[in-house]
Amino acid sequence: MTQESTEIVASEVVVSTSRPSISSGAGRFALILVVLALGLMAWMWWASNQRAQQLEQSLAVRLDDFNTRTQETLTIAKLAEERSVTLAARAEMLEQRLAESRGQQEALQTLYYELANNREERIISEVEQLVIIASQQLHLASNVRSALLALQTAESRLQQLNTPQVIPLRKAVGQDIQRLQALPTIDTVGISLKLEGLADSADILPLVSERHPKATALATGPSLAGNTWQRLGAEIWHDLKQMIRLERVDRPEPPLLAPEQHFFLRENFKLRLLTARLALLQHDEATYRADLQAAEKWLAAYFDLREISTNNALTTLKQLSASTIVIDLPDINETLGLVSKYKLSLERSPGQEARS
């Protein structure tokens, strides 16, 4: 009985001495886990903070770029508005000149009825009116065709007179007609329609940043159809080639644009074409060429030149940029002076004095 109690006491002592070592090892392991967890959490916090800073910097750069482009757009829009106001003022001036021309026409028509009994004076009055109309069409509207038609009509009227005094006048009118016929023709309407067509196509022209690689189909021929191993090898080779895409770039790639920036790019491109159209109507060749060259530069830099539509638009822009919209118009004031001098000589003739 004493031996058994002694063994029980010894076992309790062994158990009591082994428990502290086990609890101490578990505590150390837990402490290591806590330290590792805290270190991992600190690293994750630092990494997320770095990503947030990088994202904030990227957003700030894009916001500055967006504000810059918006300011450029507003500036161009303001310039277009100022040109529209200038064009409206010029149109109003032309309307005033047209009203004055109508008043002159009515006055000359009244004079025509008053001089109906004198054939020569009537013809010279008609010629004077026609030469005045030709001069106004040249210097106010730059309309060569209308001026040429008026001078040709004046020449046909002068053919009805056979007096020696009319020969210098007919010679001057003929020279003016030849100078107008030698002028190059400017298709203002055709150029304006081409600019309008380019502006309408700006929304569908592909951008470089929208370019996607085109998948190529695996070519299967009669030689690969019968051999399973060759067909399998060809498919594996095709898959390997699809992993790597080589592309030759002969120009520096433009920066990638965000989807919202595509809209502003296309709108700025169309705005350049519209301002060039206004410059065409105003016969402002410097502004016309500057706007077309800027549009051509944007088209070559940001649009995909591998597409046929983009190449066609670029070719059209180059042709329009090379077109001449302003020509040196001849001065027919000398002819008008000869008509006025001839008319004054008729008014001072003896027959006129006798009638007065």
Side-chain angles (χ1 to χ4, degrees), residues 58-59 61-88 186-216 245 247-323 325:
S58 177
L59 289 177
V61 171
R62 292 187 178 182
L63 183 60
D64 292 339
D65 189 13
F66 174 76
N67 291 333
T68 302
R69 293 182 180 275
T70 303
Q71 189 65 29
E72 291 178 356
T73 304
L74 293 176
T75 303
I76 296 175
K78 184 178 179 180
L79 180 61
E81 184 178 359
E82 292 177 355
R83 290 180 179 174
S84 300
V85 172
T86 305
L87 182 61
I186 299 176
D187 189 8
T188 304
V189 178
I191 295 175
S192 178
L193 291 176
K194 287 182 179 180
L195 291 174
E196 184 178 1
L198 287 175
D200 294 337
S201 66
D203 293 329
I204 61 176
L205 290 177
L207 296 173
V208 176
S209 56
E210 296 175 346
R211 181 191 301 173
H212 300 286
K214 298 181 180 179
T216 57
R245 182 171 64 93
E247 182 178 355
R248 181 178 178 181
V249 179
D250 55 355
R251 59 171 182 167
E253 288 293 332
L256 295 179
L257 300 177
E260 62 271 9
Q261 292 178 344
H262 293 175
F263 171 78
F264 292 104
L265 175 61
R266 297 182 189 274
E267 291 299 319
N268 288 335
F269 180 76
K270 290 192 288 186
L271 189 59
R272 284 289 186 181
L273 296 177
L274 293 178
T275 53
R277 189 179 179 189
L278 289 176
L280 171 67
L281 298 178
Q282 296 175 357
H283 301 284
D284 188 358
E285 189 169 1
T287 305
Y288 171 81
R289 294 190 186 279
D291 289 332
L292 288 186
Q293 288 174 1
E296 181 181 345
K297 182 179 179 181
W298 288 356
L299 186 65
Y302 295 99
F303 292 83
D304 192 0
L305 295 179
R306 298 188 307 176
E307 299 292 335
I308 299 178
S309 58
T310 308
N311 285 324
N312 292 337
L314 185 60
T315 302
T316 304
L317 272 178
K318 290 181 179 179
Q319 292 175 353
L320 294 178
S321 180
S323 301
I325 63 172

Open item on the list: To the nearest 0.5 Å, what is the distance between CZ on Arg69 and CG on Asp65?
Closed with: 5.0 Å
Task: For the student: nearest non-hydrogen atoms of Leu299 and Leu205, plus distance - done: CD1-CD1, 3.9 Å
TODO: State the CG-CZ distance between Leu265 and Phe263, to the nearest 0.5 angstrom.
DONE: 11.0 Å
TODO: Measure across Ala295 and Leu273 and return the closest heavy-atom pair with its distance rounded to 0.1 Å.
DONE: CB-CD2, 4.1 Å
Open item on the list: Under the criterion side chain to side chain contact (heavy atoms under 4.5 Å, CB included), I'd like the reasoning laid out for Leu79 against Arg83: C-alpha separation, chi angles, the key distance, then a yes or no.
Closed with: CA-CA 6 Å; Leu79 180 61; Arg83 290 180 179 174; 3.6 Å; yes
TODO: On the 0 to 90° scale, with breaks at 30° and 60°, tag the Phe269-Phe303 ring pair as parallel, tilted or perpendicular.
DONE: tilted
Task: Rounded distance [0.5 Å steps], CZ in Phe264 versus OG1 in Thr73 - done: 7.0 Å
Task: Partner residues of Glu72 under the salt bridge (charged side-chain N to carboxylate O under 4.0 Å, His left out) criterion, sequence neighbours left out - done: none
Task: Flag if over 12 foreign heavy atoms under 6.0 Å of CD1, Ile308 - done: no
Task: Heavy-atom side-chain contact between Ile76 and Arg272 under 4.5 Å - done: yes
Open item on the list: With a 3.5 Å distance limit and no angle check, can you tell me whether Thr310 reaches the backbone of Arg306 through a side-chain donor-acceptor pair?
Closed with: no
TODO: Quickly, which of Leu198, Ile191, Leu195 forms a side chain to side chain contact (heavy atoms under 4.5 Å, CB included) with Arg277? Name it, please.
DONE: Leu195
Open item on the list: Show the nearest heavy-atom pair for residues Leu280 and Ser192, with the distance to one decimal.
Closed with: CD2-N, 3.7 Å
TODO: Can you see which heavy atom on Ile204 is nearest to which on Arg266, and at what distance?
DONE: N-NH1, 4.0 Å
- [ ] Find the distance between CZ (Arg289) and OG (Ser323) and round it off to the nearest 0.5 Å.
- [x] 7.5 Å
Task: Main-chain N/O of Leu317 paired with Ser321 side-chain donor or acceptor, under 3.5 Å - done: no
- [ ] Might you point out which heavy atoms bring Ala199 and Lys270 nearest each other, and give the distance in Å?
- [x] O-CD, 3.0 Å
Open item on the list: I need the minimum non-hydrogen distance between Ala276 and Leu292, along with the two atoms involved.
Closed with: CB-CD2, 3.9 Å
Open item on the list: Val61: which residues meet the side chain to side chain contact (heavy atoms under 4.5 Å, CB included) condition with it, sequence neighbours left out?
Closed with: none
TODO: Determine whether more than 12 heavy atoms belonging to other residues, nucleotides or ligands lie under 6.0 Å from atom CD of Glu81.
DONE: no
Open item on the list: With heavy-atom distances below 4.5 Å as the criterion, would you say the side chains of Asp291 and Leu278 are in contact?
Closed with: no
- [ ] Applying side chain to side chain contact (heavy atoms under 4.5 Å, CB included), name anything that partners Lys297, two or more places apart in sequence or on another chain.
- [x] none
Task: Whether Tyr302 side chain and His262 backbone form a donor-acceptor pair below 3.5 Å - done: no
Open item on the list: Rounded to the nearest 0.5 Å, what separates atom CG in Asp203 from atom CD in Glu267?
Closed with: 6.5 Å
